[in-house]
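In what follows, a structure is listed as structure tokens, so that the remarks can point back to it.
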Amino acid sequence: MRYDVVVVGAGIAGPILARNLAKQGFDVLMIDKKAEIGSPKRCAEGLGIGNFKKYDIPLDKRFINREIYGAAIYSPGGHKLELRYNKVSGVILERKIFDKMLAYYAGKAGAEVMAKTEATGLIRSDGKIKGIKARHEGEPLEIHADIIVAADGVESRVARWAGINSFLPPHELDSAYEYEMILEDFEFDPDMIHLYFGNEVAPRGYVWIFPKDDDRANVGIGINGDNPNTAKYYLEKWLKENNIKGSKILEVNVGGVPVGGFLKELTKENVVVVGDAARQVNPMHGGGMAEAMEAATIASKWISRALEEGDLSLLENYTTEWWANDGERLMKVLEIRKISEKLSDDELDAAVQALSGADAEKLAAGDYRQVFKTLIKHPKILLKPKMLKLLREAL
């Protein structure tokens with residue numbers, strides 16, 4: 001088998017990249033080890049509405065479960081910060097269908113797609129990487145390609161085989177545990193996502209409720225991966241403290257989420273790393289779909305150029321461009337996360353109380369610097385010496 005590009009992994013980044021290159025007439029094969037692309041899901045399933053237009057994805061009702069109009073943030077002491085819009089700000093997806101449809105769009109654009117096909121190694125000849133070895137439904141397979149794309153998730157083997165340093169310190173990995181469940185006798189606004197913070201609630205992370213129906217939601221938690229207690233322990237504790245019965249659980253999802261450790265080296269020889277495999281995830285909230293789409297868009301541009309000009313050194317521009325834009329932004333977010341995880345519950349309470357709706361909009365837009373300037377001037381913050389010191393350091 002011979003292709004211009006072989007993409008390993010059909011999550012978010014892989015199909016976007018495969019579709020973009022196939023549209024330009026390149027011979028592309030995308031493989032995924034799962035028997036059914038999209039299943040199981042490892043996601044809270046929320047995505048900002050602007051990403052559909054930005055990355056040319058149809059707003060298809062088959063994978064859009066619910067429209068969302070904002071977010072409510074709850075401090076450890078029960079204080080609430082609400083960010084509500086008059087128009088749709090995001091959607092709750094059905095990821096199993098969404099991922100499969102992204103693969104469908106790649107196929108419709110001309111890419112070949114093979115499920116139940118697992119990469120098992122790289123093909124090397126004369127000291128160069130020539131393709132990948134795989135097993136398709138148990139049968140060995142050799143796939144030769146000019147460029148190999150590692151979109152195979154946080155534990156990417158393709159990146160490691162290529163000699164890319166993909167070591168991730170345990171502290172930069174969050175542990176996530178989620179139920180899709182029926183919520184009875186628990187009031188929540190189904191038009192909003194709900195985030196609960198606190199050092200005793202979710203160390204370094206938060207509990208989330210992402211509504212899918214008026215009484216059905218993804219209820220999950222993310223905590224620091226090196227915590228002595230499990231994410232399930234903290235989620236069950238929160239459910240019990242809020243008198244939420246866990247007797248109507250429709251699905252259980254477990255996974256690791258990279259929240260730092262962005263790869264410095266995104267390419268090596270003819271191998272390109274995208275998405276979770278490159279740790280391209282927002283380290284504050286752990287979301288990675290939009291980041292994967294952006295990385296795939298940048299990578300596909302430089303892969304196209306490299307193939308057209310017959311110059312694989314052009315692939316290095318993907319690393320340069322990503323780090324100059326998304327990489328720099330995410331590094332700033334990482335610094336904010338490191339500050340936030342040092343705050344006590346009292347300081348988190350003070351921050352939520354101090355933020356106005358306008359400040360929350362800036363926070364949602366990632367304008368942390370302006371938010372910090374506002375917080376520093378607030379009387380509640382002035383009385384919190386440690387928080388004041390951390391904010392000044394951030395500025």
Side-chain angles (χ1 to χ4, degrees), residues 44-51 64-93 178 181 183 185-202 204-222 235 238-239 241-244 282 284-287 289-290 333 336-337 339-341 343-381 384 387 391:
E45 302 184 293
L47 182 62
I49 195 69
N51 291 297
I64 294 176
N65 188 281
R66 191 177 191 91
E67 295 177 338
I68 294 296
Y69 290 82
I73 297 171
Y74 303 85
S75 75
H79 302 286
K80 180 180 179 182
L81 172 63
E82 186 173 286
L83 177 59
R84 185 184 294 272
Y85 296 99
N86 293 322
K87 58 182 181 180
V88 176
S89 61
V91 297
I92 306 300
L93 299 167
E178 178 186 75
M181 62 187 299
L183 287 170
D185 302 321
F186 182 80
E187 291 187 7
F188 65 98
D189 185 341
D191 291 330
M192 308 275 281
I193 63 171
H194 303 266
L195 312 175
Y196 299 81
F197 290 85
N199 291 302
E200 296 301 318
V201 174
R204 198 182 69 188
Y206 57 92
V207 168
W208 64 79
I209 296 178
F210 279 32
K212 303 188 80 168
D213 283 310
D214 289 351
D215 61 353
R216 178 173 65 102
N218 290 328
V219 182
I221 191 170
L235 180 58
W238 185 84
L239 291 171
E241 289 172 350
N242 287 274
N243 297 315
I244 298 174
N282 187 303
M284 181 66 81
H285 56 63
M289 283 193 280
V333 175
I336 305 309
R337 193 213 75 203
I339 289 170
S340 68
E341 62 184 277
L343 299 177
S344 68
D345 282 357
D346 284 346
E347 288 160 339
L348 286 170
D349 275 336
V352 169
Q353 291 178 77
L355 285 168
S356 66
D359 296 324
E361 288 189 25
K362 293 170 186 171
L363 184 65
D367 189 356
Y368 299 109
R369 187 176 181 84
Q370 190 58 45
V371 172
F372 289 171
K373 287 181 178 178
T374 302
L375 286 173
I376 281 176
K377 297 174 184 176
H378 199 281
K380 289 183 180 293
I381 304 304
K384 300 287 182 182
M387 187 174 186
L391 290 171

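- Side chain of Asn199 to backbone of Leu343: a donor-acceptor contact under 3.5 angstrom is found.
- The main-chain N or O of Tyr69 is never found under 3.5 Å from a side-chain atom of Asp191 such that the two would form a donor-acceptor pair.
- Separation of atoms CZ (Arg337) and NE2 (His285) is listed at 13.0 Å; rounding is to 0.5 Å.
- Interatomic distance, CD1 of Ile209 versus CH2 of Trp238, reported as 4.0 Å (0.5 Å rounding).
- Glu178 has its side chain out of reach of Leu235: every pair of non-hydrogen atoms, C-beta onward, lies at least 4.5 Å apart.
- Considering CG of Asn65 and CG of Leu93, their distance stands at 8.5 Å, rounded to 0.5 Å.
- With rounding to the nearest 0.5 angstrom, the CE atom of Met181 is 11.0 Å from the CG atom of Asp215.
- Atom CG of Leu183 is separated from atom CG of Asp185 by 10.0 Å, given to the nearest 0.5 angstrom.
- Every salt bridge (Lys or Arg N to Asp or Glu O under 4.0 Å) that Asp213 has, sequence neighbours left out, goes to Arg216.
- By the side chain to side chain donor-acceptor pair (under 3.5 Å) test, Arg66 pairs with Asp214, sequence neighbours left out.
- Ring geometry for Tyr196 against Tyr74 counts as parallel: the plane angle stays under 30°, on a 0 to 90° scale with 60° as the upper cut.
- A distance-only check finds no donor-acceptor pair linking the side chain of Asn242 to the backbone of Ile244 [under 3.5 Å].
- Side-chain N or O atoms of Asp349 include one that pairs as donor or acceptor with a backbone N or O of Gly77 at under 3.5 Å.
- Within a 6.0 Å sphere centred on CD of Glu200, heavy atoms belonging to other residues, nucleotides or ligands number 12 at most.
- A distance of 13.0 Å separates CD of Glu67 from NZ of Lys87, quoted to the nearest 0.5 Å.
- A donor-acceptor pair under 3.5 Å links the side-chain atoms of Ser89 to the main chain of Ile68, judged by distance alone.
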